[in-house]
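Heads up, the thing below is written out as structure tokens.
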Amino acid sequence: MKRRAWLTLGAVVLGGGGVVTYAVAGPSSDPGADGRAKRPAKVYDLALKGGTGDKRELPRTDTERFSMLGVSWTGAAKRLDGTAQVRTRSLDTGRWSAWQDLELNVDPLENPGVGVRGASEPLWVGPSDGMQVQVIRKNGTSGSALPKGLEVNLVDPGVATAAETKAGGTAAEPAAFVADESPGATASAPTDSAAPSDGTTVAPTDGQTTTSPAATDTTPAATDSVPPSAPASPTDSLSPSGSASPTDSVSPSPSTSSSAPPSAPPSTVPEPPIVSRADWGADESISPEAPEYTADVKAIFVHHTDGANDYSCADSPSIIRSIYAYHVQVSGWKDIGYNFLVDKCGTIFEGRKGGVDLPVFGAHTYGWNREAAGVAVLGDYTTTSATNATLTSVARLAAWKLGQYGADPAGTTQLTAGASQRNYFSTDFTAGSKYTFQRISGHRDGYNTECPGGLLYDQLPTIRTLASGPVQGLKVSSVDGAGLSGSTYYTKGGITVRWTATTPASLISKFELLVDGKSVATTSGTATSAGVTLALGSHTVAVRAVHQSGKTATSAALSVVAETTAPTFTTNPTLSLRSGTVSTSAVPVALGWKATDDKALREVKLLSPTTATFGPTTTTSNRTAKSGAAAVWSMRAYDYAGNYRTSSPSYTPVILQETAATKSGSWTTRSSTGYLGGQSYSSGSKGASLTWTFTGRSAAWVVSRAASSGQAYIYVDGTKISTVDLKSSTTLYRQAIWTKTWSSSAKHTIKIVVVGTSGRPTVTTDSLVYIK
């Protein structure tokens with residue numbers, strides 16, 4: 001944006017018939033390098049004038065840059081019974097948003113002074129340059145007119161740090177808005193507009209309000225004032241001006257506030273990283289009053305700030321500066337109300353000044369500020385759940401803060417009510433009485449509000465568990481260096497145990513690896529594994545997680561056996577011939593073996609002449625082998641511990657052609673590419689025979705088959721052992737139709753004899769195959 005100097009006048013017609021003229025003051029021509037690098041957060045006010053009806057509105061209005069807005073009115077004790085809605089125009093896209101409701105049910109301050117205004121919750125809308133507002137009184141609320149001094153308050157967060165400047169902080173100074181009378185109007189203000197003493201802005205050149213909070217604005221009396229929506233007790237009356245009367249000073253609480261800083265007690269858990277006020281760019285000049293302190297922190301109240309959830313976490317400092325400026329310069333508070341703030345990325349920010357490790361008196365939960373700290377999550381969690389990063393950081397913060405006072409974040413405590421009121425769940429509280437609260441509670445537990453949103457409220461049990469411990473979801477995910485059989489792991493000794501847990505590592509102090517119940521290794525809370533070498537024998541192995549609170553959780557124990565005994569082959573790998581089609585490059589064979597282990601056999605692998613893996617109960621596999629080539633059939637048996645044994649016998653399939661046989665009777669030579677070696681013998685003569693003699697451990701007779709094929713007798717070592725029928729409905733060549741295997745290699749004689757089957761006497765033999 002170019003630097004400009006101008007003054008634009010405009011007129012706006014409001015719903016009540018009145019007219020508001022406004023002046024938009026442009027920045028000077030050149031603020032210099034420092035102005036471009038850093039500029040403070042500023043608040044600009046537009047008074048809503050123009051009648052006393054049930055509706056006030058501001059039509060679409062061009063503005064200079066702002067990122068947060070709200071509405072406010074004269075008198076902190078006055079409630080706005082109705083609705084306030086806004087629309088804004090994005091500075092980046094030029095598009096107008098949908099109507100958004102402003103949260104009006106804001107906790108009042110304790111004993112507010114005359115300079116404190118009633119206000120909605122501020123709404124973060126992101127960089128914008130236009131707005132539209134409407135405020136409507138609730139129907140049927142007789143006597144509940146819209147409050148006086150209604151204003152729309154715009155907040156520009158400015159640029160506070162070098163990091164923000166690099167991230168795109170603009171050099172343009174925002175405009176100053178001046179609320180004037182319409183032309184021809186008298187100098188006196190309408191009856192519903194606030195005089196300067198009520199907090200109305202009167203054209204300050206720096207954009208800030210001229211009314212500073214009175215010294216008593218947030219000086220806590222011994223009790224909170226009661227909002228008009230709550231039943232007032234006789235001592236809760238308000239003066240006509242809206243300021244708290246002296247009768248509000250009765251103290252029902254034993255815990256008192258003090259301006260003297262107490263000592264910071266050490267916590268039972270580590271302090272999480274916290275972004276300081278200086279680092280998020282707090283302008284300390286707008287809140288010069290000293291902080292006040294309570295005796296201790298008994299509880300944490302969780303809030304949400306409302307507004308959009310799609311903000312960038314780089315904008316979190318800007319959002320917090322805007323809330324700070326709104327609380328101080330719009331509502332008239334002495335400081336930002338929350339003790340801490342957390343964004344959706346889990347970054348924790350210091351809120352109200354006074355020391356993050358001290359019990360700073362805040363302004364966050366009406367009636368319960370004296371004994372509690374407040375943490376606000378940036379965003380709206382009515383329909384959106386908080387992120388895991390947010391939950392983790394809120395848990396770490398709550399655990400640390402409560403740990404300073406020895407409190408269990410998952411426990412309960414007694415809080416003394418500082419005001420008579422009713423909470424969101426219709427529980428009535430009486431000032432001075434004690435009530436039981438969860439140590440980590442939601443805003444709605446103490447006050448009648450939807451804050452911190454239904455979905456974040458439902459996540460409070462998760463926050464309590466994260467904060468208190470023990471570690472959740474701890475389990476061993478794997479054991480490297482060991483094999484699992486059934487429910488037992490087996491290893492040769494060295495193992496690495498890996499684990500997971502659902503509790504974030506930032507909340508875990510350490511992990512311990514347990515062997516037989518004793519810690520043998522300790523790691524950090526961020527670790528996910530540890531190693532150990534086990535002695536031979538049976539063991540139990542588990543993981544113990546130590547939460548930062550000191551509470552422990554132990555995984556289920558695993559049974560682990562350390563052993564070094566290798567498996568054995570009770571039957572070494574053997575090769576035998578099987579039926580099938582034979583060629584010189586692929587002889588059908590069956591590989592057989594048997595392996596056992598003293599503990600648990602895992603698998604057997606074939607290493608050569610090809611590779612395969614078999615389960616522990618498999619003992620055979622059909623393969624093929626090349627004829628005439630010796631091959632090593634190497635197999636390795638593994639147990640679950642990783643021990644193994646290898647057996648590597650060598651076998652050679654050999655094809656004996658029919659010409660190598662001793663013939664008797666009449667045989668005819670036939671030639672065809674379908675035969676082994678291109679030829680075969682054929683005979684239909686009853687009693688014709690072929691005899692082969694060889695030394696081996698397995699044999700197969702290879703034949704051709706057809707519909708006209710006959711039968712043959714087979715003799716082994718002079719004994720007839722089989723009659724084989726070669727008939728087939730289809731013609732087949734090179735068929736190993738009969739096989740025989742012995743337990744060891746020896747010299748054998750195979751003889752085939754033609755039966756001379758009636759009508760189909762022919763037998764065509766191709767070869768004999770054996771394994772040596």
[X] side chain vs [Y] backbone, donor-acceptor pair below 3.5 Å:
| X | Y | value |
| --- | --- | --- |
| His327 | Gly337 | yes |
| Asn339 | Gly374 | yes |
| Ser97 | Thr88 | yes |

Validation row: [X], [Y] side chains within 4.5 angstrom (heavy atoms):
| X | Y | answer |
| --- | --- | --- |
| Val71 | Val133 | yes |
| Val155 | Leu69 | no |
| Leu402 | Ile300 | yes |
| Val135 | Glu57 | no |
| Asp357 | Trp400 | yes |
| Gln100 | Val125 | yes |
| Glu151 | Leu46 | no |

How would you list, by chain and number, every residue that makes a ring pair (Phe, Tyr, Trp, His ring centres under 6.0 Å) with [X], sequence neighbours excluded?
| X | result |
| --- | --- |
| His304 | none |
| Tyr381 | none |
| Tyr457 | Phe425 |

Quick one, Asn369 with His364, criterion side-chain contact (heavy atoms from CB on, under 4.5 Å). Give me CA distance, side-chain angles, the key distance, then yes/no. CA-CA 7 Å; Asn369 291 314; His364 48 83; 3.4 Å; yes
Nearest non-hydrogen partners of [X] and [Y], listed with the distance:
| X | Y | value |
| --- | --- | --- |
| Ala160 | Gly281 | CB-CA, 3.5 Å |
| Gly355 | Glu350 | N-OE2, 4.1 Å |
| Ser120 | Val106 | C-CG2, 3.6 Å |
| Asn153 | Ser72 | OD1-OG, 2.8 Å |
| Gly158 | Arg321 | O-NH2, 3.0 Å |

In chain order, what residues pass the side chain to side chain donor-acceptor pair (under 3.5 Å) check against [X], with sequence neighbours excluded?
| X | answer |
| --- | --- |
| Ser276 | Asp279 |
| Thr390 | Thr387 |
| Thr93 | Ser90 |

Which residues pass the side chain to side chain contact (heavy atoms under 4.5 Å, CB included) test with [X], sequence neighbours left out?
| X | value |
| --- | --- |
| Ala376 | His303, Thr305, Tyr338, Leu341 |
| Ile136 | Lys55, Thr83, Gln134 |
| Ser316 | Tyr311, Cys313, Asp343, Phe349, Leu378 |

For Arg444, enumerate each residue passing the salt bridge (Lys or Arg N to Asp or Glu O under 4.0 Å) test, keeping only those at least two apart in sequence or located in another chain. none
Proximity of Tyr447 and Trp368 rings by center, below 6.0 Å: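 Ring centroids of Tyr447 and Trp368 are no less than 6.0 Å from each other.
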Could you note down all residue pairs passing salt bridge (Lys or Arg N to Asp or Glu O under 4.0 Å) where residues 382-397 supplies at least one of them, sequence neighbours left out?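 As it turns out, there is no salt bridge (Lys or Arg N to Asp or Glu O under 4.0 Å) pair with a partner in residues 382-397 once direct neighbours are skipped.
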What residue pairs, at least two apart or across chains, pass salt bridge (Lys or Arg N to Asp or Glu O under 4.0 Å) with a residue in residues 89-106?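 Salt bridge (Lys or Arg N to Asp or Glu O under 4.0 Å) check on residues 89-106 returns Asp62-Arg89, Arg89-Asp129.
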Result for side-chain contact (heavy atoms from CB on, under 4.5 Å) between Phe340 and one of Val377, Val394, Val275, Val356 points to Val356
Less than 4.0 Å between a side-chain N and a carboxylate O, is that true for Arg277 and Asp335?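 Yes, charged N to carboxylate O under 4.0 Å.
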